[in-house]
Structure formats: structure tokens, C-alpha cells
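Below: the structure, in C-alpha cells.
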Amino acid sequence: MTTAITPLTTRKLPAVYRGRLMSMAHDVRFPPDTRLFVEGGRADHFWIVESGTVALDTKVPGRRAAVIDTVESGALLGCSWLYRPYRWRFGARTVGPVRAHEFDAEAVRRMCQDDPEMGRWIALWVGEAVNRRLGAARTRLLDLYAPYGAGARG
């Protein structure tokens with residue numbers, strides 16, 4: 001089932017590419033505490049969260065996984081699907097019930113390969129999410145594990 005809803009996260013894409021991407025979406029629902037993907041697993045789907053919250057986590061040797069960011073309504077969930085080797089860099093678990101638009105990563109990669117200009121726009125869009133996530137992960141890990149004040153910027 002495809003959707004006509006255009007989430008805020010895709011607004012940076014030109015309308016033609018946003019429409020083509022959203023035409024490939026399938027609406028999905030996940031109950032609370034559902035593991036959507038595991039760090040190191042095959043990144044074969046991605047989502048745009050319609051409602052709810054998803055916690056991103058990373059493995060920490062000798063400790064439980066550390067939550068490093070949350071993904072909420074309107075945001076892209078999953079960036080590793082676009083970049084080789086197509087393996088998740090983090091894990092993801094729903095915090096409460098989640099509704100999302102799900103995409104088949106291979107189909108979207110093929111579409112981007114067939115239309116290099118669309119591929120460029122998708123890469124920029126996903127790259128912005130990667131950049132934000134890396135910053136959030138760094139800050140969170142410093143908060144958790146660095147000596148007091150180590151994360152302060154001077």
C-alpha cells in the first residue's frame with residue numbers, strides 16, 4: 001500500500017524526486033519494544049517515521065547497548081542502506097508504537113542508479129541525516145563515557 005503523505009523530512013528533495021520516492025513507500029506499524037535492526041545486520045530497508053519514537057543504539061563491550069539518538073516523527077530512520085557494505089552502523093528499537101513509511105533499499109538504489117540526478121539528491125538528503133546522527137552519537141557517547149567536561153567545546 002502506498003501513501004500520499006509527504007513527511008517533513010523529504011521536503012529538501014525536489015518535488016519530482018520526493019514523489020517518486022514516496023510512490024515506493026509501504027505503510028507499516030510496529031508495537032513497542034520491537035527491534036527493527038541490529039548493528040552489523042544487512043541494511044535492506046529504511047523508513048520515514050510517521051509517528052512514534054525509535055531509539056538508536058550501539059554496542060558497548062562489557063555493557064548494555066548505549067542509546068545514542070532517537071528518531072521521531074518526520075525523520076529518516078536508517079542511513080546505512082545507501083552506502084556499501086550496506087550494513088547497519090547502529091541498532092534500532094521502537095520506544096512505543098511506531099507508524100512509518102517503509103522502503104526497499106535495493107529498489108531505491110536501482111532507481112537512483114537509473115536517474116543519477118535523483119541519486120545525487122537522495123545522497124545529499126541521506127548525508128545530512130548521517131552528519132546529524134554522527135554528531136548526536138559523539139555527544140551522547142561523551143556524555144556517557146568521557147571525564148566530566150570532555151565534551152565541552154571551546
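The figures that follow rest on heavy atoms only: side chains count, while hydrogens, waters and symmetry mates do not. From a predicted model like this one, the values you see are computed outputs, not experimental measurements.
- Hydrophobic clustering (side-chain heavy atoms under 4.5 Å, transitive across Ile, Leu, Val, Met, Phe, Trp, Tyr) keeps Val38 apart from Ile68.
- Of the possible polar contacts, none joining the Thr53 side chain to the Val95 backbone as a donor-acceptor pair under 3.5 Å is found.
- The CG atom of Asp44 sits 9.0 Å away from the CZ atom of Arg87 when rounded to the nearest 0.5 Å.
- Hydrophobic clustering places Met111 together with Val126 (ILVMFWY residues linked when any side-chain heavy atoms are closer than 4.5 Å, directly or through intermediates).
- Looking at residues two or more places apart in sequence or on another chain, you find a side chain to side chain contact (heavy atoms under 4.5 Å, CB included) between Arg84 and Tyr86.
- Looking only at distances, no side-chain donor or acceptor of Arg99 sits under 3.5 Å from a matching main-chain atom of Ser51.
- Taking CG from Leu56 and CG from Leu36, the interatomic distance works out to 9.5 Å, rounded to the nearest 0.5 Å.
- A 4.5 Å side-chain heavy-atom check between Val54 and Phe30 finds every atom pair outside the cut-off.
- Scanning for salt bridge (charged side-chain N to carboxylate O under 4.0 Å, His left out) contacts around Glu128 gives Lys12, with sequence neighbours left out.
- Listed by chain and number, the residues in a salt bridge (charged side-chain N to carboxylate O under 4.0 Å, His left out) with Arg29 amount to none (sequence neighbours excluded).
- By the ring pair (Phe, Tyr, Trp, His ring centres under 6.0 Å) test, Phe90 is found to be paired with no residue, residues two or more places apart in sequence or in another chain being considered.
- Every residue two or more places apart in sequence or in another chain that forms a salt bridge (charged side-chain N to carboxylate O under 4.0 Å, His left out) with Arg93 is listed here: Asp33.
- Nearest heavy atoms, Ala55 versus Val67: CB-CG1, 4.0 Å.
- By the ring pair (Phe, Tyr, Trp, His ring centres under 6.0 Å) test, Phe46 pairs with Trp81, Phe103, sequence neighbours left out.
- The salt bridge (charged side-chain N to carboxylate O under 4.0 Å, His left out) contacts involving residues 101-113 comprise Glu106-Arg110, where partners must be two or more places apart or lie in separate chains.
- By the 30° and 60° cut-offs, the orientation of the rings of Trp47 relative to Phe37 is parallel.
- Scored by the salt bridge (charged side-chain N to carboxylate O under 4.0 Å, His left out) test, Asp57 finds Arg35 as partners (sequence neighbours excluded).
- Among pairs with a residue in residues 114-124, those fulfilling side chain to side chain donor-acceptor pair (under 3.5 Å) read Arg20-Asp115, Glu117-Arg120, Glu117-Trp121, at least two apart in sequence or across chains.
- Put simply, CG on Leu76 and CG on Leu82 are 9.5 Å apart, with the number rounded to the nearest 0.5 Å.
- Linking ILVMFWY side-chain heavy atoms closer than 4.5 Å, directly or via other members, places Tyr17 and Leu124 in two distinct hydrophobic clusters.
- Judged purely by atom type and a 3.5 angstrom limit, Thr34 has no side-chain atom pairing as donor or acceptor with the backbone of Thr94.
- Separating the CZ atom in Arg89 from the OG1 atom in Thr58 is a distance of 11.0 Å, to the nearest 0.5 Å.
- Ala43 approaches Ala105 most closely through the heavy-atom pair O-CB, 4.1 Å.
- Applying the side chain to side chain contact (heavy atoms under 4.5 Å, CB included) criterion to Pro116, with sequence neighbours excluded, gives no partner residue.
- By the side chain to side chain donor-acceptor pair (under 3.5 Å) test, Thr70 pairs with no residue at all, sequence neighbours left out.
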